[in-house]
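Please read the structure below before turning to the comments.
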Amino acid sequence: MKAKPGLSRRTFVLGGLATTGVVLAAAKSAQAAVPYPFQLGVASGDPDASSVVLWTRLAPSPLNADGQGGMANADVAVDWQVSTTDTFASLVSSGTVTARYAEAHSVHVVAGGLNPDAEYYYRFRAQGHISPVGRTRTAPAVTTVGRDFTMLFASCAHFESGYYTAYRRMADDRPDLILHLGDYIYEGGAGSSGVRQHLGAEIVSLADYRRRYAQYKSDPDLQAAHAIAPWLVVPDDHEVENNYANMVRADSSPALTAAQWTARRTAAYQAYYENMPLRPANKNSGNSIQLYRRVRWGQLATFHMLDTRQFRNDQACGDGWKVCADADLASRSLPGTAQENWLLDGLGQHLGKWDVIGQQVFFAKQFDASGASNMDAWDGYRASRSRILQGFTDRAVRNPLVLTGDVHASWGNNVMNDAGTAAVASELVCTSITSGGNGSATTTIPNGATNAHLKFYSNRRGYVRTRITQAQVTADFRGLASVTEHGAAASTLKSFAILDGRPGLQAL
């Protein structure tokens, strides 16, 4: 990136030419010749105390089948600006980055030199056009606690199942940070019963994945949620294929050879990086991608973001809800041994008052009346979970908080020790943005009689809103009555507090 100190708003908007008349004529000519390239909006993510990632992707025709968004086979210079105001009267950081054809003209700018714990606005310019404006912020310095802050988290946004009103309501909350815990897209082909349809058959190639992301990211409600705050993202399974485990497929359709499956994973990981506000260090390397990472929020919170698909052992006993002795095998790990050790090491560093684990699948124990449990969740990897639970105790983790997606319902759980005698952590499970359709108003806890530690359930769509302070985390389970029609209001279905030094949920 080439720095442009002193680049004025007038120069940025009008093109930097010598005279106003020439500038206006050139700008009008460029805009007439080149379609608007910012159809997919803007985003930011992975903030630290002095920098944040800024993202956009040039795509004047986002839904083209070749996945290139209507862009020619050429690299394009993209200017970017960061300001403390949305008028961009003065700049704090700016530069030029190259949007490359080989990366679907996506850009990942690490905008540095920013103040800690501060709000900023950003935008891009390319091909004579100006992008929408995004709002972002930095984390507090690691030597300070920083201000109390609002964090929202969400997951599971099946495009066909409903409209993204929940994303719009998240934007309305104007949070400081948003976590997305997976199933940002779904890989299946066009259905016949949804309120809108996927384009094309089940996605397999890089072009397919790129177009699917473009279809999802064309939604204005999703764009609003991205533009309002920085995101921390981790994928689940549908960003690649349903219920895959490391290199093992759960599906046999479409039929793929081992080489084709490897190519599909590679394409999926590349498209995920291209379309998410991730740092360049998280770019995929062929058939692997480094996504588990720690993000510090001053001394108040540390986010341990997990990848629970890429490194796991295959689901025990053929997956599904089972009574399965193999789920207890010590050799089995859900995050994989390296990531499991990385998490335990990070928890032992006591970097923040709250250790927040952002991950994908149900963490607390859950059994049905027959004693069966979900082999795709941590219940299918019980020794792995036990090592994490023991780590909470051995490493004197004061406030472990697990955040979960995947299951298309809201849950509030006390995470018990293996003996079942005491809560050692708290778990908040967000429902889906749309997956599963409208759901229902029921709050009866499934299998509640055999799972007394599960404290809340809702089958509505929505998200979770948290407020993180030194004394407590408050959690509001936000729900919508409908996602099959636009414009539903969000209401708080239930609120809990998690108090400093006291694992478990306190009803409010």
Side-chain angles (χ1 to χ4, degrees), residues 181-182 234 236-237 243-250 291-292 294 304-349 355-397 399-407 411 413-429 447 450-454 503-504:
L181 301 181
V234 280
D236 193 11
D237 52 343
N243 274 24
Y244 82 101
N246 200 318
M247 290 303 297
V248 180
R249 298 182 69 199
L291 290 173
Y292 65 85
R294 252 183 289 281
H304 310 265
M305 306 299 290
L306 301 190
D307 174 352
T308 61
R309 291 290 168 186
Q310 190 178 178
F311 308 107
R312 66 160 68 193
N313 292 100
D314 192 14
Q315 291 91 344
C317 294
D319 208 350
W321 279 70
K322 302 282 178 61
V323 176
C324 177
D326 284 354
D328 287 312
L329 292 176
S331 59
R332 294 175 49 74
S333 177
L334 192 145
T337 300
Q339 186 178 188
E340 195 175 293
N341 291 335
W342 168 88
L343 174 60
L344 291 169
D345 176 68
L347 292 171
Q349 294 179 42
D355 281 290
V356 183
I357 301 172
Q359 57 97 51
Q360 293 74 38
V361 294
F362 211 88
F363 188 80
K365 299 174 184 179
Q366 185 185 26
F367 299 96
D368 66 15
S370 71
S373 54
N374 183 1
M375 294 297 100
D376 188 55
W378 287 84
D379 275 327
Y381 303 80
R382 290 192 280 267
S384 183
R385 179 176 57 199
S386 293
R387 291 189 288 268
I388 303 301
L389 295 179
Q390 191 61 46
F392 293 157
T393 300
D394 292 347
R395 290 162 173 78
V397 182
N399 293 305
L401 173 58
V402 181
L403 307 182
T404 301
D406 183 60
V407 295
W411 294 80
N413 306 327
N414 290 346
V415 177
M416 309 300 288
N417 59 15
D418 278 333
T421 56
V424 295
S426 309
E427 181 180 23
L428 304 173
V429 183
N447 304 308
T450 54
N451 296 279
H453 58 287
L454 308 181

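Here the structure is a predicted model, which means the values were calculated and not measured.
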Quick one: CG on Asp355 to CG on Asn399, what's the gap to the nearest 0.5 Å? 8.0 Å
Where is the tightest heavy-atom contact between Gln366 and Ser373, given as atom of each residue plus distance? O-CB, 3.2 Å
Distance-only, no hydrogens or angles: does the Gln339 side chain make a donor-acceptor pair with backbone N or O of Asp307 under 3.5 Å? yes
Report yes or no: does Arg332 contribute a side-chain atom to a donor-acceptor pair with the main-chain N or O of Arg312 at less than 3.5 Å? no
Between Asn313 (side chain) and Ser333 (backbone), is there a donor-acceptor pair under 3.5 Å? yes
Using every non-hydrogen atom in the two residues, find where Gly504 and Ser426 come nearest and quote the distance to one decimal. N-OG, 2.9 Å
Exercise: do Gln315 and Asp376 side chains pair donor with acceptor under 3.5 Å: yes
Is there a donor-acceptor pair closer than 3.5 Å between any side-chain N or O of Asp379 and the backbone N or O of Phe367? no
Worked check of side-chain contact (heavy atoms from CB on, under 4.5 Å) between Asp236 and Leu181: CA-CA 7 Å; Asp236 193 11; Leu181 301 181; over 6 Å; no
Are Leu347 and Phe392 packed together at the side-chain level, in the sense that at least one heavy-atom pair is separated by less than 4.5 angstrom? yes
Rounded at 0.5 Å granularity, tell me how far CG in Asn417 sits from NE2 in His453. 11.0 Å
When Leu454 is tested against each of Asn447, Asn413, Val429 for side-chain contact (heavy atoms from CB on, under 4.5 Å), which residue passes? Asn413
Residue that, paired with Arg309, satisfies side-chain contact (heavy atoms from CB on, under 4.5 Å) out of Asn243, Leu291, Asn246: Asn243
If you take all heavy atoms of Asp326 and Cys317, which pair is closest and at what distance? CB-SG, 4.5 Å
Measuring from Phe311:CZ to Glu340:CD, what's the distance to the nearest 0.5 Å? 13.0 Å
Just do the salt bridge (charged side-chain N to carboxylate O under 4.0 Å, His left out) check on Lys365 and Asp418 with the steps written out, would you? CA-CA 9 Å; Lys365 299 174 184 179; Asp418 278 333; 3.4 Å; yes
Any chance you could lay out the side-chain contact (heavy atoms from CB on, under 4.5 Å) test for Leu389 and Thr393, step after step, and finish with the verdict? CA-CA 7 Å; Leu389 295 179; Thr393 300; over 6 Å; no
Any donor-acceptor pair under 3.5 Å from Arg395 side chain to Gly346 backbone: no
dist Met305:CE -> Tyr292:OH (nearest 0.5 Å) comes out at 14.5 Å
Derivation and outcome, side-chain contact (heavy atoms from CB on, under 4.5 Å), residues Phe363 and Ile388: CA-CA 10 Å; Phe363 188 80; Ile388 303 301; 4.0 Å; yes
Identify the heavy atoms of Ala423 and Asn414 that sit nearest to each other, and give their distance. CB-CB, 4.2 Å
Donor + acceptor pair across side chains of Trp378, Gln359 (<3.5 Å): yes
Euclidean distance, Leu343 CG relative to Leu306 CG, rounded to 0.5 Å: 5.5 Å
Closest approach of Ala383 and Ala330, non-hydrogen atoms and distance? CB-CA, 3.6 Å
Distance col, row Arg387:CZ vs Leu344:CG, nearest 0.5 angstrom, shows 9.0 Å
